[in-house]
Amino acid sequence: MDVSPIPGSSVGAVVHGTDITPDLDGTTVERIWAALDRHLVLVFRGHRDPSNDELLGFGRRFGHIPKTGLTTGASPDHNEILIISNIVENGRKIGVGDAGWMDWHTDYSFRPRVSRIGFLAAVELPVSGGGQTLFTDMYAVYDSLPAQLRRRLHTYRARHALRSGYEETIEEGFQGEVSLAGPEGGAGPADATVILPEDGTSTVHPMIARNPRTGRHAVYVNPLNTKRVLELDPTASKELLQDLCGYAGAPGLTYAHTWQPGDIVMWDQLGTIHAKTPFDPADRRILRKVVAIFDDPAEPWRAEAVA
């Protein structure tokens with residue numbers, strides 16, 4: 001397996017010599033983990049295009065893959081696979097999304113078990129270009145903040161909610177507000193109930209996440225889904241979120257991935273946010289997406305002593 005950092009970018013590396021298969025040996029899996037810890041975004045190239053079962057099996061080597069909960073927009077045979085596409089067939093969209101700008105976010109921040117790893121596989125790409133996927137390093141954002149602000153952020157919680165437009169396509173059992181709670185979750189009183197399933201479309205999380213593998217802290221907010229800082233009044237909350245989300249797309253912190261046929265991109269969802277650039281609506285774009293979530297909903301919120 002060859003891992004080559006992307007020239008001129010502080011984020012991202014290209015991986016050659018690894019098949020996208022569930023049959024990887026433990027050493028290879030750990031090497032991929034180590035590369036992801038270092039580069040945050042991995043681009044797999046030069047491999048055989050995996051089947052849906054192989055893509056799911058590969059993803060499951062890195063965590064639990066939940067069902068999307070969508071009644072439309074997911075693979076008919078594998079609800080865990082989200083189809084991202086602007087294509088309409090027989091008067092019906094075959095996936096979710098369109099050709100416009102997709103704002104910065106991290107997947108499943110509105111669920112109690114947040115996403116740990118994301119996987120995107122290119123199927124069909126716009127012939128005229130566009131449709132890049134952008135990734136910003138939120139670990140580096142945390143590291144760049146003044147120490148006093150970092151300490152404050154460790155005491156704050158934020159509400160995340162599913163963006164509007166999905167309500168009619170998500171199963172009823174996946175709707176409603178759920179929240180981590182209890183002394184380890186840090187998002188509620190000690191006698192509150194901890195909700196373990198991955199359902200829900202609105203959830204409260206601490207504003208600072210901690211990568212359990214590396215110990216690095218990330219600012220866990222995004223423009224698309226983060227709605228309110230609970231400890232602040234609405235005006236102060238809006239100002240703080242605007243300041244923090246203003247780092248999205250910052251030069252030196254961001255990698256812009258230009259897709260090539262067959263690309264599979266794997267990224268650290270806890271420590272990055274991502275977005276999509278527009279493309280010509282007359283072009284076709286199809287990607288397959290799977291998301292690995294944390295087994296323990298409290299795991300990314302367990303923090304060591306704050307410096």
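Values in this document were obtained by computation on a predicted structure and should not be read as measured data. Excluded from the calculations below are hydrogen atoms, water molecules and symmetry mates; all remaining heavy atoms, backbone and side chain alike, are included.
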>> Apply ring pair (Phe, Tyr, Trp, His ring centres under 6.0 Å) to residues Y156 and Y220 and explain how you reach the verdict.
In response: CA-CA 11 Å; Y156 290 166; Y220 196 79; over 10 Å; no
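- Linking ILVMFWY residues whenever their side-chain heavy atoms come closer than 4.5 Å, directly or via other members, places I273 and L153 in the same cluster.
- One hydrophobic cluster holds both V29 and L56 under the rule that ILVMFWY side chains link at heavy-atom gaps under 4.5 Å.
- Cluster annotation: V14 is connected to W259 through the hydrophobic network of ILVMFWY side chains, with a link wherever side-chain heavy atoms come within less than 4.5 Å.
- The residues K289 and D107 are annotated as salt-bridged, a charged nitrogen and a carboxylate oxygen being separated by less than 4.0 angstrom.
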>> Using side-chain contact (heavy atoms from CB on, under 4.5 Å), reason through H217 and R150 one step at a time and then give a plain yes or no.
In response: CA-CA 10 Å; H217 291 96; R150 290 202 302 265; over 6 Å; no
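- Side-chain contact check for L270 versus R116: every heavy-atom pair is 4.5 Å or farther apart.
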Under 3.5 Å, which donor-acceptor pairs do the side chains of residues 117-131 form with other protein atoms, sequence neighbours left out?
| unit_1 | atom_1 | unit_2 | atom_2 | d |
| --- | --- | --- | --- | --- |
| E124 | OE1 | R284 | NE | 3.4 |
| E124 | OE1 | R284 | NH2 | 3.4 |
| E124 | OE2 | R284 | NE | 2.7 |
| S128 | OG | D283 | OD2 | 2.3 |

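- Between the side chain of T226 and the backbone N or O of P223 there is no donor-acceptor pair closer than 3.5 Å.
- In plain terms, the two heavy atoms of D37 and L40 that are nearest each other are O-CD2, 3.9 Å.
- Formation of a donor-acceptor pair under 3.5 Å by the H274 side chain with backbone atoms of T136 is not found in this model.
- Remark: N52 engages S75, H78, I81, R288 in a side chain to side chain contact (heavy atoms under 4.5 Å, CB included) (not counting sequence neighbours).
- Checked by atom type and distance alone, the side chain of T277 pairs as donor or acceptor with a backbone atom of Q132 at under 3.5 Å.
- A pairwise comparison of heavy atoms in K67 and Y108 identifies O-OH, 4.0 Å as the closest pair.
- Side chain of S9 to main chain of G12: no donor-acceptor pair is present (N/O by atom type, distance under 3.5 Å, no hydrogens or angles).
- Two residues are said to be in side-chain contact when any heavy atoms from C-beta on lie closer than 4.5 Å; M207 and R157 fail this criterion.
- R45 places a side-chain heavy atom less than 4.5 Å from the side chain of V43.
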Name each donor-acceptor pair under 3.5 Å that joins a side chain in residues 233-252 to protein atoms two or more places apart or in another chain, with its distance.
| unit_1 | atom_1 | unit_2 | atom_2 | d |
| --- | --- | --- | --- | --- |
| D233 | OD1 | T235 | N | 3.0 |
| D233 | OD1 | A236 | N | 2.8 |
| S237 | OG | V229 | N | 2.8 |

Identify all side-chain donor-acceptor contacts of residues 89-100 below 3.5 Å with residues at least two apart in sequence or on another chain.
| unit_1 | atom_1 | unit_2 | atom_2 | d |
| --- | --- | --- | --- | --- |
| K93 | NZ | G97 | O | 2.1 |
| D98 | OD1 | G100 | N | 2.9 |

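- We find the CD1-NE2 distance between I208 and H154 to be 5.0 Å, quoted to the nearest 0.5 Å.
- For D296 and R113, the salt-bridge test fails: no basic side-chain N is under 4.0 Å from an acidic carboxylate O.
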> Step by step, would you call I286 with I84 a side-chain contact (heavy atoms from CB on, under 4.5 Å)?
Replying inline: CA-CA 6 Å; I286 308 174; I84 298 178; over 6 Å; no
>> Is there a side-chain contact (heavy atoms from CB on, under 4.5 Å) between I32 and L24? Walk through the geometry before answering.
In response: CA-CA 10 Å; I32 293 173; L24 296 177; 3.9 Å; yes
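- Residue pairs meeting the ring-ring contact (aromatic ring centres under 6.0 Å, His included) criterion with at least one member in residues 13-39, sequence neighbours excluded, are W33-F62.
- Of all heavy-atom pairs spanning R61 and P22, the tightest one is NH1-O, 3.1 Å.
- The salt bridge (charged side-chain N to carboxylate O under 4.0 Å, His left out) contacts involving residues 12-29 comprise nothing, where partners must be two or more places apart or lie in separate chains.
- Between the R159 side chain and the K227 main chain, no donor and acceptor come within less than 3.5 Å of each other.
- Contact annotation: the side chain of V291 never approaches that of I65 to less than 4.5 Å [non-hydrogen atoms, C-beta and beyond].
- Looking at H160, its side chain never comes within 3.5 Å of a backbone N or O of R228 through a donor-acceptor pair.
- For the residue pair W101 and K276, the shortest heavy atom distance occurs at CE3-O, 3.0 Å.
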>> salt bridge (Lys or Arg N to Asp or Glu O under 4.0 Å) for R216 and D143? Distances and angles first, verdict last.
In response: CA-CA 9 Å; R216 296 189 70 189; D143 293 341; 3.1 Å; yes
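- Using a distance-only test at 3.5 Å, with no hydrogens or angles considered, no donor-acceptor pair links the side chain of R210 to the main chain of P300.
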> Do W267 and V265 pass the side-chain contact (heavy atoms from CB on, under 4.5 Å) test, and can you show the C-alpha distance, the side-chain angles, and the key distance before you say yes or no?
Replying inline: CA-CA 7 Å; W267 71 98; V265 174; 4.1 Å; yes
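- For the side-chain contact (heavy atoms from CB on, under 4.5 Å) with Q269, the lone residue among T106, V114, I293 that qualifies is T106.
- Linking ILVMFWY residues whenever their side-chain heavy atoms come closer than 4.5 Å, directly or via other members, places M138 and L149 in the same cluster.
- The aromatic rings of Y255 and H257 lie tilted to each other, with the angle between the two planes from 30° to 60°.
- Using a 4.5 Å cut-off on side-chain heavy atoms (C-beta onward), D137 and F135 make no contact.
- Heavy atoms only, all atoms of each residue included: G271 and A218 are closest at CA-CB, 3.9 Å.
- If you take CG on L253 and CG on L134, they are separated by 13.0 Å, rounding to the nearest 0.5 Å.
- In terms of modelled atom types and a separation under 3.5 Å, the side chain of N225 and the main chain of F110 share no donor-acceptor contact.
- Heavy-atom contacts from other residues, nucleotides or ligands closer than 6.0 Å to CZ of R38 number 12 or fewer.
- In plain terms, the two heavy atoms of V3 and A13 that are nearest each other are CG1-CB, 3.7 Å.
- E80 CD to H64 NE2: the interatomic distance, rounded to the nearest 0.5 Å, is 8.0 Å.
- Here the side chains of L287 and S85 are not in contact, with every heavy-atom distance at 4.5 Å or above.
- Under the 4.5 Å side-chain criterion, counting only non-hydrogen atoms from C-beta, D263 is not in contact with F44.
- A donor-acceptor distance shorter than 3.5 angstrom exists from the side chain of T68 to the backbone of N79, with no hydrogens or angles considered.
- In the hydrophobic clustering of ILVMFWY residues, with side-chain heavy atoms under 4.5 Å counting as a link, V290 and I20 come out together.
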